[in-house]
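Everything on this sheet refers to the single structure shown next.
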Protein chains: 2
Amino acid sequence: MLTKSEENYIKEIYALEQKHKADVNTNLLAEKIETKASSVTDMLKKLAKKELLIYQKYKGVKLNSKGEKIALSVIRKHRLWETFLVEKLDFSWDEVHKVAEQLEHIRSEKLTNKLDVYLNFPKVDPHGNPIPDVNGKLIIIDAVCLDQFEIEEEGIFIEVKDESENFLKYLTKNNIVIGAKIKVLEKEEFDNSFKIEIDRKQFNISENVIKNLYLKK
Amino acid sequence: MLTKSEENYIKEIYALEQKHKADVNTNLLAEKIETKASSVTDMLKKLAKKELLIYQKYKGVKLNSKGEKIALSVIRKHRLWETFLVEKLDFSWDEVHKVAEQLEHIRSEKLTNKLDVYLNFPKVDPHGNPIPDVNGKLIIIDAVCLDQFEIEEEGIFIEVKDESENFLKYLTKNNIVIGAKIKVLEKEEFDNSFKIEIDRKQFNISENVIKNLYLKK
DNA sequence: ATTAATTTTTAGACACATCTAAATTATAAA
DNA sequence: TTTATAATTTAGATGTGTCTAAAAATTAAT
């Protein structure tokens with residue numbers, strides 16, 4: 001049985017693998033987990049010993065299938081709880097991440113599966129991220145990052161990557177909510193910002209924002 | 001901010017104070033928390049230093065008002081979650097205690113209060129135990145322990161103290177469920193067992209069972 | 001290809017919550 | 001009231017997850 005800390009490492013390694021499509025390095029992991037590189041090294045050794053990941057000194061780390069299964073189970077719980085909080089308890093999408101980071105460590109398969117039933121087997125969470133099913137399978141979201149869009153191209157906003165409270169509040173304030181139709185009007189070369197249109201209103205968004213928005217073309 | 005372990009000590013001290021109406025002694029607490037007396041001593045020192053309880057060497061321990069407030073907050077969460085699990089997720093009353101012991105440590109006042117609203121401010125949990133409100137106030141259950149009943153006296157079963165899975169399964173099997181009408185038929189002096197009647201069926205229950213059943217006369 | 005800068009690991013320490021074994025204090029019995 | 005028993009505390013140790021500082025390995029730069 002894994003500790004909360006071990007589960008968090010595994011979850012974060014999984015996320016970084018997905019994002020960078022490469023082995024995960026110590027410093028990046030330390031930054032994400034908000035700890036020191038030396039602590040990460042210690043933990044990686046421990047998880048390697050438990051055969052949840054492949055770790056080679058100085059070469060980075062990669063989950064094996066056992067580790068991946070655990071990551072998906074934690075992610076499943078996280079996203080089901082987020083969905084519960086928004087759909088049943090009337091939380092807004094910017095309030096749920098931190099609470100779900102606690103709830104994701106509750107150990108009860110019965111609870112997770114009953115929650116899934118209660119929510120009617122949701123496929124995505126309030127941020128548009130796919131929810132792994134009871135077997136760890138998740139649907140592939142057919143979404144393209146806004147930075148891949150051409151001028152005059154438009155799409156429907158269906159997934160956001162950054163779940164921080166401030167970022168989501170910013171999006172809400174500007175009507176950038178799941179389901180919104182976004183059209184690219186202009187691109188600025190010097191800072192990679194875009195001018196976009198939503199609900200007939202036009203405004204500029206920075207590269208940082210652009211990189212976290214995923215749309216269906 | 002308290003650790004899960006600290007919260008569990010405070011919760012248990014509160015429960016023992018209520019049950020024995022006296023200061024709590026080290027060995028009993030150790031037994032309840034399933035740890036050693038020496039560990040209890042260490043923890044009591046720590047909690048005394050945090051000013052959550054009054055501790056005098058060799059003399060036992062008592063929560064102060066700050067500690068009591070924390071106990072009530074944990075109990076509130078525990079019982080709200082139990083109610084949620086039974087009423088919304090279709091758990092049975094014998095399955096909820098262990099899961100609720102995890103959920104009671106989730107830190108989010110917003111979550112607790114929204115859960116309370118969602119459940120429509122329940123006054124008692126699935127075992128008939130009162131749920132403290134947002135201010136820590138709980139209704140006084142007008143229940144009398146079955147061991148106080150005379151022969152031929154009857155009452156409605158409204159509260160059970162022991163929440164262990166096996167005990168609750170035993171009760172269910174014998175139709176001893178919340179709301180059942182129970183009549184005392186006979187008392188055995190030698191082992192303090194009772195013969196009772198429920199739903200026109202008669203059977204014997206041991207002192208151990210009797211002490212955990214509370215009824216409305 | 002050697003040096004410099006960066007990344008990662010090791011070594012040794014600490015806080016937390018626990019343990020065992022020994023010492024101390026309180027309580028009950030003779 | 002002294003002794004025996006029981007309850008409690010202290011002392012010292014352990015495992016987990018973290019830290020700082022120093023050492024080692026890797027990568028980038030000249």
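Note that the coordinates shown come from a computational prediction; the quantities given were computed from them, not determined experimentally. Every heavy atom of this structure was used, including side-chain atoms; hydrogens, water molecules and symmetry mates were not. Convention: sequence-line order gives letters A, B, ...; per-chain numbering from 1.
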Atom-to-atom span, [atom1] of [X] to [atom2] of [N] - whole angstrom:
X	N	atom1	atom2	answer
B:Lys49	C:dA15	NZ	P	11 Å
A:Glu7	D:dT16	CD	P	16 Å
A:Met1	D:dT16	CE	C1'	14 Å
B:Asn8	C:dC16	CG	C1'	15 Å
A:Leu2	D:dT16	CG	P	12 Å
B:Tyr58	C:dA28	OH	P	17 Å
B:Leu29	D:dT9	CG	P	11 Å
B:Asp42	C:dT20	CG	C1'	13 Å

_Taking the six-membered ring of B:Tyr55 as reference, does the cationic atom of B:Lys49 (NZ for Lys, CZ for Arg) lie under 6.0 Å from its centre and within 45° of its axis?_
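No cation-pi geometry.
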Contact under 4.0 Å: [X] side-chain N or O vs [N] OP1/OP2:
X	N	answer
B:Asn27	D:dT8	yes
B:Ser5	C:dT18	yes
B:Lys57	C:dT24	no
B:Lys45	D:dT10	yes
A:Ser38	D:dA21	no

Report which part of the nucleic acid [X] touches: base, sugar-phosphate, or nothing (heavy-atom distance under 4.0 Å, all strands).
X	result
B:Lys4	nothing
B:Thr35	sugar-phosphate
A:Thr26	sugar-phosphate

**Request:** Quickly, which of B:Val24, B:Ile54, B:Val61, B:Leu52 forms a side-chain contact (heavy atoms from CB on, under 4.5 Å) with B:Leu44? Name it, please.
**Result:**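 Of the listed residues B:Val24, B:Ile54, B:Val61, B:Leu52, the side-chain contact (heavy atoms from CB on, under 4.5 Å) partner of B:Leu44 is B:Val61.
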Counting only heavy atoms from other residues, nucleotides and ligands, does the tally under 6.0 Å from NZ of A:Lys69 exceed 12?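 No.
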> Is it the case that more than 12 heavy atoms not belonging to A:Lys110 sit under 6.0 Å from its NZ atom?
Replying inline: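 Open.
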Which sits closer to the 5' end of DNA chain D, A:Lys59 or A:Glu34, going by the nucleotide each is nearest to?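 Result of the comparison: A:Glu34.
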Could you work out which one of [options] sits closest to the side chain of [X]?
X	options	value
A:Asn25	C:dT8, C:dT9, D:dT8	C:dT8
B:Lys36	D:dT18, C:dT9, C:dT20	C:dT20
B:Thr41	D:dT10, D:dT16, D:dT18	D:dT10

Student check: side-chain heavy atoms of A:Tyr214 and A:Ile141 closer than 4.5 Å:
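Side-chain contact under 4.5 Å: no.
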